[in-house]
Amino acid sequence: MSALKLFVHNHGTNGDQSLIKTVTFALTHFTVAFTVAYLLTGDLLIGSLIAMVEPAINTVAYFFHEKIWARRQRNTRGPEGTLSKARPHIC
């Protein structure tokens with residue numbers, strides 16, 4: 001199976017939702033970015049260019065943010081699957 005197919009399959013409805021969440025975030029972000037850029041500039045072309053560049057970069061950053069956040073949540077779980085209590089740091 002190709003790497004892309006494995007990637008998409010592993011992020012399907014029964015697994016990790018980060019890819020779907022990233023796509024919906026991207027659509028929302030593109031819409032907001034275009035609207036704001038167009039209202040500020042009054043230019044359809046400049047509004048479109050801004051709406052393509054900034055959200056595209058931000059969407060990639062968001063995807064990795066979600067991955068890091070999910071790893072952090074997995075690492076804070078105790079052996080029984082419950083959140084472990086934070087222990088005070090003793091110097």
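Heavy-atom basis, side chains included; hydrogens, waters and symmetry copies ignored.
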(request) Sequence neighbours left out, what pairs pass side chain to side chain donor-acceptor pair (under 3.5 Å) with at least one residue falling in residues 30-41? (result) none
(message) Would you compute the distance between atom CZ of Phe34 and atom CD1 of Ile46 and round it to the nearest 0.5 angstrom?
(response)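 Rounded to the nearest 0.5 Å, the CZ-CD1 separation comes out at 11.5 Å.
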(request) Drop me the distance from Arg74's CZ to Trp69's CH2, to the nearest 0.5 angstrom. (result)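 The CZ atom of Arg74 sits 13.5 Å away from the CH2 atom of Trp69.
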(message) Is any side-chain heavy atom of Phe64 closer than 4.5 Å to one of Thr22?
(response)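 No. Closest side-chain heavy atoms not under 4.5 Å.
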(message) Is any side-chain heavy atom of Arg72 closer than 4.5 Å to one of Asn75?
(response)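 Answer no - side chains too far apart.
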Please tabulate, one pair per line, all N/O donor-acceptor pairs under 3.5 Å involving side-chain atoms of residues 49-56, not counting sequence neighbours.
unit_1	atom_1	unit_2	atom_2	d
Glu54	OE1	His29	NE2	2.9

(message) Please determine whether side chain to side chain contact (heavy atoms under 4.5 Å, CB included) holds for the pair Tyr62 and Ile57, giving the CA-CA distance in whole Å, both sets of side-chain angles, and the decisive distance to 0.1 Å.
(response) CA-CA 9 Å; Tyr62 177 79; Ile57 293 167; over 6 Å; no
(message) Listing request: all salt bridge (charged side-chain N to carboxylate O under 4.0 Å, His left out) pairs with a residue in residues 21-48, at least two apart in sequence or in separate chains.
(response)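 Passing the test, one end in residues 21-48: Lys21-Glu66.
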(message) Considering only residues two or more places apart or on different chains, which pairs with a residue in residues 22-38 satisfy salt bridge (charged side-chain N to carboxylate O under 4.0 Å, His left out)?
(response)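 Listed by first then second residue: nothing to list.
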(request) Indicate the atoms forming the closest heavy-atom contact of Gly47 with Ala37, along with that distance. (result) CA-CB, 3.7 Å
(request) Please check if Leu27 and Val60 belong to a single hydrophobic cluster, counting links between Ile, Leu, Val, Met, Phe, Trp and Tyr side chain heavy atoms closer than 4.5 Å. (result)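 In one cluster: no.
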